[in-house]
Amino acid sequence: MNGKEAEDAMSSTALSPPPPPLEWKFSQVFGERTAGEEVQEVDIISAIEFDKSGDHLATGDRGGRVVLFERTDVRDHARRRELEMLDNPISRHPEFRYKTEFQSHEPEFDYLKSLEIEEKINKIRWCQTTNGGLFLLSTNDKTIKYWRVQEKKVKRISEMNLSSAQDAGDGSFASSSASNPAAYLPNGGCSGGAYSSFSNDFTFPPGGFPSLRLPKVTSQETSIVARCRRIFAHAHDYHINSISTNSDGETFISADDLRINLWNLDISNQSFNIVDVKPANMEDLTEVITSAEFHPVHCNTLAYSSSRGSIRLIDLRQSALCDNHSQLFHEPETPGSKSFFTEIIASISDIKFAKDGRHILSRDYMTLKLWDVSMNSGPVATFQVHEYLRPKLCDLYENDSIFDKFECCLSGDGSRVATGSYSNLFRVFGCVPGITEATTLEASKNPTRRQVQNPARPARSLGGLTRVVRRGAENAGLDAANNFDFTTKLLHLAWHPTENSIACAAANSLYMYYA
């Protein structure tokens, strides 16, 4: 393509009308609470993850349980793929049903450090599916477990030749007494009547059984069995905050506050330390690792975020211990804007790669930021999640809410991003040229009940690598912060990999929405 053709293509893209905002609707809820019902601490959901196909969804809770759901709305997967290839929209939205659950972790006690280890599931990550089995990793603060979940057929066997009510055609005869109690007969028969080892309801026929009647399978029932294949333990001195599977299907990483370890799924007694930010003197510690994620395409690349608001991209081919990063993404502070809370709210709680690996989405306490991996001068887009809480930072600090760790997610096509907030609200933003979408939804059966119209400024092209600041909550109202309930927070959510469907957790309830 020559320069004129490229210019014409860009101008036609700029003149094309922007896509309309998505209209989100309620789909399903699992574990809905009744009015006044008290939520048990162990039932609160602490992790959500779709698999790559989007046909399965896993949740983990603070009680150490993992619950699996499977998609039921499209049975014929081949037909679904044909419709997708023809750009024929499927009329039905994704629907899921409960599949199974299992106890992944139990509470433990570290006697060397006199430390209780909670059973709470911190992260869940799906692995590649093989031989009809589902594989996933789950972790609490210290131990990672590799699970295989598969359907197992349970066979029911018919009775052998023990029934006295059937005729000779079935290989059994009616019971009768023998005239000579001392005579032993062929094929297990005895003229002395029933053996004492059997019940009184069973007697051998005279002359014994003429043939051996083999058992037969009368029915097969399917049960789902979860089996722990491997346990990856004793590799982290601090609490594990992230796990991420590699695109090679063989390795994964686990990260705590100071170290990132590389594991092989087939080797549980050995790991390699690839990132170590622990200083020789702990008093010199200035930042900790908050999240880590493998690149979705390149198996040698991963990113990790820090409590100072920076993201580092590292290449595993450079050295065994990746002390030096290949890219550093950090937004410089605005002069004169520093306060006591600046460093606290700058801490990144979660990062996610876009599906193509070209962008990274990060969430700090106040904002979502979208970064282009080829431009480290600053984010290409910034979304204000709850800017109206800024005057309340002192109160948030006193009740520890300022340390809440919200997750973020991207749509499969990378055109939208989402994250949670307080009062069980979550926000969806458009991040492609022309989209001014900034939607506020509530985790309830009526997601638009508390809809706040917050028009965002239109984005400029990401292809131009220009920086965009999008204000998503400037017009939320002066009393918005006062009306928020900081005890109900939506920390965990996930976007379906191929469709506009979001699953989010509000306490012990799992809500699903589609557009």
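These numbers come from the heavy atoms of this one structure, side chains and all, not from hydrogens, waters or symmetry mates.
- The pair R125-E49 meets the salt-bridge criterion, with a side-chain N (NZ, NE, NH1 or NH2) lying under 4.0 Å from an Asp/Glu carboxylate O.
- Atom OG of S104 and atom CG of L136 lie 8.0 Å apart (nearest 0.5 Å).
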Report task. Go through the steps for K123 and E407 under the test salt bridge (Lys or Arg N to Asp or Glu O under 4.0 Å), then give the verdict. Result -> CA-CA 11 Å; K123 294 290 181 181; E407 294 181 358; 3.3 Å; yes

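- The OH atom of Y422 sits 10.0 Å away from atom OG1 of T488, with the distance rounded to the nearest 0.5 Å.
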Report task. Give the intermediate values and the outcome of side-chain contact (heavy atoms from CB on, under 4.5 Å) for residues H325 and L313. Result -> CA-CA 6 Å; H325 51 265; L313 207 64; over 6 Å; no

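- Side-chain atoms of S254 and N261 include no donor-acceptor pair closer than 3.5 Å.
- Side-chain N/O atoms of T251 and W263 include no donor and acceptor closer than 3.5 Å.
- The aromatic rings of Y397 and F340 stand perpendicular to each other, their planes meeting at an angle above 60°, with 30° marking the opposite boundary.
- Using a 4.0 Å cut-off between charged nitrogen and carboxylate oxygen, E398 and K392 do not count as a salt-bridge pair.
- Checking E119 against N140 by side-chain atom types alone, no donor-acceptor pair falls below 3.5 Å.
- The aromatic rings of F232 and F252 lie perpendicular to each other, with more than 60° between the two planes, well past the 30° mark.
- Note that CD1 of I289 and CD of E287 are 8.5 Å apart. Values are rounded to the nearest 0.5 Å.
- Atom SG of C408 and atom CG of L493 lie 8.0 Å apart (nearest 0.5 Å).
- Just one of Q40, E118, E41 meets the side chain to side chain contact (heavy atoms under 4.5 Å, CB included) condition when paired with R62; it is E41.
- Under the 4.0 Å criterion applied to side-chain N and carboxylate O atoms, R358 and D372 are not assigned as salt-bridge partners.
- Between D61 and N508, the side chains place no donor N or O within less than 3.5 Å of an acceptor N or O (distance only, hydrogens not considered).
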